[in-house]
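These notes concern the structure reproduced below.
Heavy-atom basis, side chains included; hydrogens, waters and symmetry copies ignored. Nothing here was measured: the structure is a model prediction, and the numbers come from that model.
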Amino acid sequence: MKVLSILILCVLMFSCKPKDTEVAVKKESDTIIVYDVNTYIKLHGYAKEKGKTLVAVDTACLTQKKRAARDIAKGKYIFYMGMGIGTSEAEMEHVKKTFLKKGIIIDYMLSSCIPTPGGFSDNCYEQAMNETIADKYGRSLVDSIYLTEMEFRRNN
């Protein structure tokens, strides 16, 4: 039994190949087109060294925006707020409950102040949702969400 376990482990270790970066890269003369941030990071030094232009096509963001559009068409609206280091669980629950009473779903997303390299975007789904909600319900609703959060921080 022990030999069989070791044999299976060896087969699994050697049969798994890392994804070939050529699949995620399209080379055209002096331009290298990449479709994901990891490949962009891997090829940045190479492109600079060879004098090639590195072009990022953010397919993940495009896909997220399409998903947001489908959800909005179905009537699914969720307002997303950034969750930083100082955001407490009690604060998040207070804001969620306050606006759920008004029929508005609030959720939180992790956000970073460090930009993603290469022009790739983070939280495209969430941004599309937030823009749609602001357009549909007005900036005053969005402002009231943030004011509720600030009041909770002040009082607790």
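Using modelled atom types, no side-chain atom of Asn130 and backbone atom of Phe79 make a donor-acceptor pair closer than 3.5 Å. A donor-acceptor distance shorter than 3.5 angstrom exists from the side chain of Ser88 to the backbone of Glu91, with no hydrogens or angles considered. The backbone N or O of Tyr80 lies less than 3.5 Å from no partner atom in the side chain of Glu126, so there is not a single donor-acceptor pair.
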Notebook entry, point to check: Could you go step by step and tell me if Tyr77 and Asp71 meet the side-chain hydrogen bond (donor to acceptor under 3.5 Å, both in side chains) rule?
Noted result: CA-CA 7 Å; Tyr77 294 96; Asp71 287 348; over 6 Å; no

Note to self: One pair to check against side-chain contact (heavy atoms from CB on, under 4.5 Å): Ile106 and Met81. What are the steps and the verdict?
What the structure shows: CA-CA 7 Å; Ile106 306 284; Met81 296 182 67; 4.0 Å; yes

Next item on the list: Please step through side-chain contact (heavy atoms from CB on, under 4.5 Å) for the pair Phe152 and Val95, ending with a clear verdict.
Entry: CA-CA 8 Å; Phe152 182 84; Val95 173; 5.6 Å; no

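Note on Ile105 and Ile145: same hydrophobic cluster, where clusters join Ile, Leu, Val, Met, Phe, Trp and Tyr whose side-chain heavy atoms are under 4.5 Å apart, directly or indirectly. Cluster annotation: Met150 and Met92 are assigned to distinct hydrophobic clusters (Ile/Leu/Val/Met/Phe/Trp/Tyr, side-chain heavy-atom contacts under 4.5 Å, transitive). Linking ILVMFWY residues whenever their side-chain heavy atoms come closer than 4.5 Å, directly or via other members, places Leu100 and Val142 in the same cluster. Connection of Leu141 to Tyr146 is established within a shared hydrophobic cluster, with ILVMFWY side chains joined at heavy-atom distances below 4.5 Å, either directly or through further cluster members. Residues Tyr125 and Tyr35 fall into different hydrophobic clusters, defined by Ile, Leu, Val, Met, Phe, Trp and Tyr side chains chained together at heavy-atom separations under 4.5 Å.
Taking 4.5 Å as the limit, some side-chain heavy atom of Ile41 sits within range of a side-chain heavy atom of Pro117. Between Val55 and Val34 there is no side-chain heavy-atom pair separated by less than 4.5 Å.
Note: Ile133 CD1 to Ile104 CD1 = 7.5 Å, rounded to the nearest 0.5 Å. Distance check: Gln127 CD to Met109 CE gives 6.5 Å after rounding to the nearest 0.5 Å. The line from CG of Leu43 to CD1 of Ile32 is 5.5 Å long, rounded to the nearest 0.5 Å. To the nearest 0.5 Å, the span separating NE2 on His94 from CD on Glu151 amounts to 7.5 Å. Expressed to the nearest 0.5 Å, how far CE of Met129 lies from CD1 of Ile72 amounts to 4.5 Å. If you take NZ on Lys65 and SG on Cys61, they are separated by 4.5 Å, rounding to the nearest 0.5 Å.
The number of heavy atoms from other shown groups lying within 6.0 Å of NZ (Lys96) is above 12.
Under 4.0 Å is where a charged nitrogen must lie from a carboxylate oxygen, and between Glu93 and Lys97 no such pair does.
For the pair Thr87 and Gly82, the tightest heavy-atom approach, listed with the atom from each and the gap, is OG1-O, 4.3 Å. Smallest separation of non-hydrogen atoms from Gly118 and Ala56: O-CB, 3.1 Å. Of all heavy-atom pairs between Ser121 and Asp58, the closest is N-OD2, 2.7 Å.
In this model, a donor atom of one side chain and an acceptor atom of the other lie less than 3.5 Å apart for Asp36 and Thr39.
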